[in-house]
Amino acid sequence: MAPNRPDLYGCTREELTARISAWGFSPVHAARLWRYLYWECAGSLDAMTELPAKVRARLDAETSLGVLPVEREQLSDDGFTRKYLLGLGDGRAIETVLMRFTGRATACVSSQAGCAMGCVFCATGQAGFGRHLATGEIIAQAVHVNRTLRAASSALARSEVSQRRLRNVVLMGMGEPLHNYEPVMKAVEVLRDPNGFALGAGRITLSTVGVVPGILRLAAERRPVHLAVSLHAATQEERLALVPVAKQWPLDELMDACRSYSGQTGRRIFYEWTLIDGKNDSADHARAVGRLLARLPAQVNLIPLNPTGAYAGAPARGEAAKAFQRILAREFGVPSTVRQRRGLDIAAGCGQLAGPQ
Ligand code: SAH
Ligand code: SF4
């Protein structure tokens, strides 16, 4: 990507229309350009043959198209999970995952190269912080996945038609999205655009480690995302041992922010709980989180621990996960799901994205 030139993937439709109009061209060309970017997933300006040459020449001279080159692609033995290592302009690289196991195509996108939050069981955290991603670098990941789906679609059966286009985006890849608030929110705006990806209500989920000011801001600005909060422990002391930033945003403050978020928006929050054998998977733990969430609009997502290089813990056993769910449901009326373990052979599971290694 050319430095200092605006990335087309980093612009909203309004911004592109304003730019093209300011050059004296008809807004019709902006609409076409948008369609090429997000419907056709064109990989270059040259492929946009219905755009007049003079519009393309101006775009070529003054903007860039931040397509991210695929440095590595891995397909899991499960046949449903693909992981891409995408190169950034500065030599760094990030990982993006395409998951098809829900019957719908979901992209798990990264919001940062690395992560500054340092959760002990997470490979991204273990690798440390590289930098924030720009809006265009977030969108380019979704475009890449969508392009892959379009290319594969001719080989798909009719019954798989729902998988031909990207249906869901989860901001659960590398990085902490609320640590990179504005570029992430602009990306949400682009993803929701009805003339582009058109990812409407409920199709974008943002997962946070618990950045309290970010949660409050999401609520105040009524941002149209599903919110997932990574809890993992129901006491400050236990949480601090897993999630170092609990020091900055203690559990009490986090729960106050969640209460206020649900109160203001009327939305349920997903609470993620990485289940670690012998650490946070006992009946007492289930009761502690049940008490914490009983009066909130909540659903718990239990994620059996995935292996990472620098953390020795083991995933909770299947029976422990089932018992945990039973207690949450029967004693506290809190619904929960256990996340399917997929893509572990290619290190594409939750918390396994470490970038180029
Ligand atoms: N930074 C955000 C989103 C990315 S991580 C966050 O922390 O919420 C997505 C989810 O995977 C989080 O709930 C995170 O706690 C969880 N996770 C991290 N490492 C994991 C591991 N080794 N096994 C299972 N889940 C893990
Ligand atoms: Fe960062 Fe999330 Fe990993 Fe924690 S779990 S280190 S916040 S990516």
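In each ligand, atom 1 is the first atom listed, and ligand 1 is the first ligand listed. Position 1 is the first residue of the sequence, and the numbers go up from there.
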Could you establish whether H232 and ligand 1 come within less than 4.0 Å of each other, counting only heavy atoms on the residue side?
-> yes

Out of G349, S230, C115, A123, whose heavy atom sits nearest atom 14 (C) of ligand 1?
-> S230

Going by heavy-atom distance to atom 2 (Fe) of ligand 2, choose the closest among G175, A123, G128.
-> G175

Looking at N306, which atoms of ligand 1 are within less than 4.0 Å of one of its heavy atoms?
-> 21 (C), 22 (N), 23 (N), 24 (C)

For atom 19 (N) of ligand 1, what's the nearest protein heavy atom and its distance?
-> G351 CA, 3.1 Å

Taking only residues two or more places apart in sequence, or in another chain, which ones meet L216 in a side chain to side chain contact (heavy atoms under 4.5 Å, CB included)?
-> V212, A257, S260

Identity and separation of the nearest protein heavy atom to atom 22 (N) of ligand 1 | F121 O, 2.8 Å

Counting each atom of ligand 1 from 1 as listed, which ones have a heavy atom of C122 under 4.0 Å away?
-> 18 (C), 19 (N)

Looking at R317 and D281, does any basic side-chain N land under 4.0 Å from a carboxylate oxygen?
-> no

Ion pair check, R147 and E40, cut-off under 4.0 Å | no

Could you tell me which atoms of ligand 1, counted from 1 in the order shown, lie closer than 4.0 angstrom to a heavy atom of T208?
-> 6 (C), 8 (O)

Would you call K186 and E15 a salt bridge, using N to O less than 4.0 angstrom?
-> yes

Set of side chain to side chain contact (heavy atoms under 4.5 Å, CB included) partners for Q248, sequence neighbours left out | none

Which residues and atoms, protein N, O or S only, are under 2.8 Å from atom 4 (Fe) of ligand 2?
-> C119 SG

Any P307 heavy atom less than 4.0 Å to ligand 1 | no

Run down the list T308, L344, T274 and name the one with the heavy atom closest to atom 25 (N) of ligand 1.
-> T274

Heavy-atom proximity to atom 10 (C) of ligand 1, best of H179, M172, E272 = E272

Among all protein heavy atoms, pick out the one at the shortest distance from atom 3 (C) of ligand 1; state its residue, atom name and that distance to 0.1 Å.
-> S207 O, 3.5 Å

Taking the side chain from N301 and the backbone from T337, do they hold a donor-acceptor pair closer than 3.5 Å?
-> no

Consider ligand 1: state whether an atom of it lies below 4.0 angstrom from any non-hydrogen atom of G173.
-> yes

Is the shortest distance from a Lys or Arg side-chain nitrogen in E62 or R19 to a carboxylate oxygen in the other one below 4.0 Å?
-> no

Under 4.0 Å between a Lys/Arg side-chain N and an Asp/Glu carboxylate O for R217 and E182?
-> yes

Contacts of type side chain to side chain contact (heavy atoms under 4.5 Å, CB included), residue V120, not counting sequence neighbours = L242, Y311

Is E73 salt-bridged to K83, going by a charged N under 4.0 Å from an acidic O?
-> no

Contact check, side chains of M117 and Q112, non-hydrogen atoms, under 4.5 Å | no

In ligand 1, which numbered atoms sit nearer than 4.0 Å to a non-hydrogen atom of G175?
-> 1 (N), 2 (C), 3 (C), 4 (C)

Evaluate the side-chain hydrogen bond (donor to acceptor under 3.5 Å, both in side chains) criterion for residues E176 and T208: first the C-alpha distance (whole Å), next the side-chain angles of each, then the deciding distance (0.1 Å), finally the verdict.
-> CA-CA 6 Å; E176 167 49 47; T208 178; 2.8 Å; yes

Quick one: nearest non-hydrogen protein atom to atom 21 (C) of ligand 1, plus distance?
-> C350 O, 3.3 Å

Report yes or no: is the cationic atom of R165 (NZ for Lys, CZ for Arg) closer than 6.0 Å to the six-membered ring centre of W39, at no more than 45° off its axis?
-> yes

